[in-house]
Amino acid sequence: MKYRIVLALTLATLSASAAATSLCQEKEQDIQREIGYAEKHNNQNRINGLKKALSEVKANCTDSKLRADHQEKIAEQKDEIREREQDLREAKQKGDADKVAKREHKLQEAKSELNALESRAY
């Protein structure tokens, strides 16, 4: 009975560790998938670019670097939102309804991009 429990726990641990892949491995798999799509559509320029990207990922990728880059993108997007909010305030002060509508739309786009970045599992 004890052997069965130990065996079950061992198998569960092994399967969990096999399923867990690093962020760099996931990135490699995504690029490989994109290469497959590009090959399917005979897009040689895209294939060449993706193969270069794949070699860069294999040579230089670390999970901590990916996380840091992701946090940097989030910070940049937050800066973008602050700029868009300032543009909107200025447009409201001038009273130009057309510019206000455009600025509100751009602000919403920036917020949507931020939400997408923050929802990624990095």
Side-chain angles (χ1 to χ4, degrees):
M1 183 70 175
K2 289 181 184 179
Y3 293 113
R4 288 184 186 172
I5 293 173
V6 170
L7 179 62
L9 288 174
T10 303
L11 289 175
T13 303
L14 288 175
S15 64
S17 65
T21 58
S22 76
L23 295 173
C24 291
Q25 289 172 331
E26 288 178 25
K27 190 168 182 116
E28 286 180 29
Q29 291 170 356
D30 289 342
I31 294 171
Q32 289 284 10
R33 185 173 30 261
E34 289 295 320
I35 290 172
Y37 295 147
E39 288 173 342
K40 189 175 183 179
H41 294 93
N42 296 319
N43 188 342
Q44 192 59 48
N45 288 333
R46 179 96 170 121
I47 294 168
N48 294 342
L50 288 167
K51 286 186 177 182
K52 182 178 179 185
L54 182 61
S55 67
E56 289 290 322
V57 166
K58 286 182 178 182
N60 302 317
C61 186
T62 64
D63 288 352
S64 60
K65 185 173 187 267
L66 280 178
R67 284 187 188 95
D69 289 346
H70 186 67
Q71 291 303 314
E72 184 178 326
K73 287 178 186 176
I74 288 174
E76 289 172 0
Q77 193 61 34
K78 287 180 180 180
D79 288 342
E80 177 76 16
I81 288 172
R82 282 190 285 279
E83 289 176 26
R84 298 286 181 201
E85 288 171 338
Q86 180 62 32
D87 291 345
L88 177 60
R89 280 192 294 276
E90 290 172 5
K92 284 182 178 179
Q93 286 176 351
K94 291 180 181 177
D96 187 343
D98 187 43
K99 283 190 177 183
V100 168
K102 287 179 183 177
R103 300 295 191 263
E104 285 175 342
H105 180 71
K106 290 198 176 245
L107 178 59
Q108 282 309 113
E109 286 178 348
K111 286 181 178 181
S112 294
E113 287 181 38
L114 177 61
N115 288 337
L117 282 171
E118 289 178 332
S119 68
R120 291 188 190 145
Y122 282 113

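What you are looking at is a predicted structure, and each value in this text was computed from that prediction instead of being measured. Count residues from 1 along the sequence.
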S.K.: Leu23 and Val57: same hydrophobic cluster, using ILVMFWY side-chain contacts below 4.5 Å?
M.R.: no
S.K.: Between Lys73 and Asp69, is the closest basic N to carboxylate O distance under 4.0 Å?
M.R.: no
S.K.: So, Lys27 and Asp30, do they make that salt bridge, N to O below 4.0 Å?
M.R.: no
S.K.: State whether Glu34 and Arg46 are salt-bridged, where the test is any N-O pair (Lys NZ or Arg NE/NH1/NH2 against Asp/Glu carboxylate O) under 4.0 Å.
M.R.: yes
S.K.: Rounded to the nearest 0.5 Å, what's the gap from NZ on Lys58 to CD1 on Ile31? Could you check?
M.R.: 9.5 Å
S.K.: Apart from Ile47 itself, what residues make up its hydrophobic cluster when side-chain heavy atoms of I, L, V, M, F, W and Y under 4.5 Å apart count as a link, directly or indirectly?
M.R.: none
S.K.: In Å, rounded to the nearest 0.5 Å, how long is the span from CD of Gln71 to CG of Leu117?
M.R.: 9.5 Å
S.K.: Hey, what do you get for CG (Asp87) to NZ (Lys99), rounding to the nearest 0.5 Å?
M.R.: 10.0 Å
S.K.: Are side-chain heavy atoms of Gln108 and Glu104 found at a separation under 4.5 Å?
M.R.: no
S.K.: Run the side-chain hydrogen bond (donor to acceptor under 3.5 Å, both in side chains) test on Glu28 and Gln32 for me, step by step, so that the C-alpha distance in whole Å, both residues' side-chain angles and the decisive distance to 0.1 Å come before the verdict.
M.R.: CA-CA 6 Å; Glu28 286 180 29; Gln32 289 284 10; over 6 Å; no
S.K.: Is there a path of hydrophobic side-chain contacts, each under 4.5 Å between heavy atoms, that joins Leu107 and Ile74?
M.R.: yes
S.K.: Measuring from Leu114:CG to Ile81:CD1, what's the distance to the nearest 0.5 Å?
M.R.: 4.5 Å
S.K.: Under a plain distance cut-off of 3.5 Å, with no hydrogens placed, do Gln25 and Gln29 share a side-chain donor-acceptor pair?
M.R.: no
S.K.: Give the C-alpha distance, both sets of side-chain angles, the deciding distance and a yes or no for side-chain contact (heavy atoms from CB on, under 4.5 Å) between Glu83 and Lys106.
M.R.: CA-CA 10 Å; Glu83 289 176 26; Lys106 290 198 176 245; over 6 Å; no
S.K.: If every non-hydrogen atom of Leu50 is compared with every non-hydrogen atom of Ala38, which pair is closest and at what distance?
M.R.: CD1-CB, 4.4 Å
S.K.: Could you give the distance from CD (Gln44) to CD (Glu39), rounded to the nearest 0.5 Å?
M.R.: 8.0 Å
S.K.: Enter the distance from Glu90:CD to Gln93:CD here, rounded to the nearest 0.5 Å.
M.R.: 7.0 Å
S.K.: Taking NZ, NE, NH1 and NH2 as the nitrogens, is one of them in Arg84 or Glu80 under 4.0 Å from a carboxylate oxygen of the other?
M.R.: yes
S.K.: Is the backbone of Ala91 close enough, under 3.5 Å, to the side chain of Asp96 for a donor and an acceptor to pair up by distance?
M.R.: no
S.K.: Is there a donor-acceptor pair under 3.5 Å between the side chain of Gln77 and the backbone N or O of Ala110?
M.R.: yes
